[in-house]
Amino acid sequence: MDKENFFDRVFETARRIPVGRVTSYGAIAAYLGMKGSSRMVGYAMNASGDVFPPVPAHRVVNRNGMLTGKHHFPSPELMQQMLENEGVQVENDKVVEFKKLFWDPATAEL
DNA sequence: GCAATGACTGGAG
DNA sequence: CCTCCAGCCATTG
């Protein structure tokens, strides 16, 4: 697959997410200059399980901090489990302190 | 090339 | 904070 050029951008950005932090699809999309393609970011994450190294898709949630992609994991409860394992408190399928744990790739230091 | 789909987003209620 | 509607755009059939 050579057309993973688009996905690769999303993957690299997603891998830059620090542990214990989370970000939104729109943040990644906007950072890559594809603000309108926020859906494509999630679509790319769908292929994240087919690439290497693995992408921490569990740190990527929607703008509301909701674990919208948990259903796409090997186990729907795995996503929340890993987040809590990293110190991210999750409740009702959404990050509690999302606003506080929110990580923006644009404000991230190299 | 068109139609359908989707791990989204912003605005309005 | 939650729900509904419409817009966006790449991937797939």
Side-chain angles (χ1 to χ4, degrees):
Chain A
M1 311 283 204
D2 296 35
K3 51 230 177 168
E4 52 186 77
N5 192 328
F6 168 72
F7 300 107
D8 190 32
R9 296 290 140 188
V10 183
F11 297 151
E12 284 194 47
T13 308
R15 294 197 200 103
R16 283 178 176 175
I17 305 175
V19 180
R21 290 294 188 96
V22 290
T23 190
S24 61
Y25 302 91
I28 299 174
Y31 176 65
L32 298 176
M34 316 183 313
K35 189 179 182 183
S37 306
S38 41
R39 308 177 89 159
M40 273 55 274
V41 178
Y43 205 85
M45 304 315 304
N46 190 358
S48 64
D50 204 60
V51 299
F52 187 86
V55 180
H58 59 274
R59 297 184 192 147
V60 185
V61 296
N62 71 349
R63 69 169 176 92
N64 230 350
M66 197 174 293
L67 311 185
T68 50
K70 63 178 295 177
H71 289 258
H72 294 258
F73 278 76
S75 283
E77 49 188 80
L78 180 64
M79 185 175 187
Q80 178 175 337
Q81 200 70 102
M82 292 202 293
L83 284 171
E84 294 187 316
N85 184 37
E86 296 185 354
V88 180
Q89 193 171 12
V90 180
E91 190 172 294
N92 193 16
D93 294 351
K94 50 185 187 311
V95 180
V96 180
E97 305 279 301
F98 171 64
K99 292 170 62 178
K100 194 165 76 174
L101 299 174
F102 182 77
W103 176 85
D104 191 338
T107 61
E109 303 174 47
L110 306 181

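In what follows, chains are A, B, ... by sequence order, proteins preceding strands, each numbered from 1.
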>> Does any part of the side chain of A:Y25, heavy atoms only, come nearer than 4.5 Å to the side chain of A:T68, both counted from C-beta?
In response: yes

> Between B:dT9 atom P and A:D104 atom CG, what is the distance in whole Å?
Replying inline: 13 Å

>> Within the 4.0 Å heavy-atom criterion, would you say A:A57 contacts the bases, only the backbone, or no part of the nucleic acid?
In response: base

> To the nearest angstrom, how far is A:F98 atom CZ from B:dC8 atom C1'?
Replying inline: 12 Å

>> If I take atom CE in residue A:M66 and atom P in nucleotide B:dT9, what distance separates them, rounded to the nearest angstrom?
In response: 11 Å

> Does A:K35 have a side-chain nitrogen or oxygen under 4.0 Å from the phosphate oxygens OP1 or OP2 of B:dC8?
Replying inline: no

> With a 4.5 Å heavy-atom cut-off, do A:L67 and A:K94 have their side chains touching?
Replying inline: no

> If you measure from the Lys or Arg side-chain nitrogens to the Asp or Glu carboxylate oxygens, is any gap between A:E86 and A:R21 under 4.0 Å?
Replying inline: no

> Atom CD of A:Q80 and atom P of B:dA7: how far apart are they, to the nearest Å?
Replying inline: 19 Å

>> Measure NE2/A:H71 against P/B:dT5 and give the value in whole Å, please.
In response: 19 Å

>> I need the CZ-C1' distance between A:R9 and C:dA10, as an integer number of Å.
In response: 16 Å

> Nearest-Å distance, CE (A:M45) to P (C:dA10)?
Replying inline: 18 Å

> Is there a donor and acceptor pair closer than 3.5 Å between the side chain of A:R63 and the base of B:dC8?
Replying inline: no

>> From C-beta outward on A:T68, which listed nucleotide comes closest to its side chain: C:dC2, B:dT9, B:dA7?
In response: B:dA7

> Should the ring pair A:F102 and A:F98 be called parallel, tilted or perpendicular, given that the plane angle runs from 0 to 90° and is split at 30 and 60?
Replying inline: perpendicular

> Expressed in angstrom and rounded to an integer, what is the separation of A:H72 atom NE2 from B:dA7 atom C1'?
Replying inline: 5 Å

>> By nearest atom, which of the nucleotides C:dC8, B:dT9, B:dA7 is closest to the A:N62 side chain?
In response: B:dT9

> What's the closest nucleotide to the A:Y25 side chain, out of C:dT11, C:dC2, B:dA7?
Replying inline: B:dA7

> Between A:S48 and B:dA7, is there a side-chain N or O to OP1/OP2 distance below 4.0 Å?
Replying inline: no

>> Reading DNA chain C from 5' onward, which residue's closest nucleotide shows up sooner: A:M34 or A:N64?
In response: A:N64

>> Count I, L, V, M, F, W, Y as connected when their side-chain heavy atoms are under 4.5 Å apart, and connections chain through other members. Are A:V22 and A:Y31 then in the same cluster?
In response: no

>> So, under a plain 3.5 Å distance rule, would you say the side chain of A:Y43 forms a donor-acceptor pair with the base of C:dA10?
In response: no

>> Does A:N46 reach a base, just sugar-phosphate, or nothing at all? Heavy atoms under 4.0 Å.
In response: base

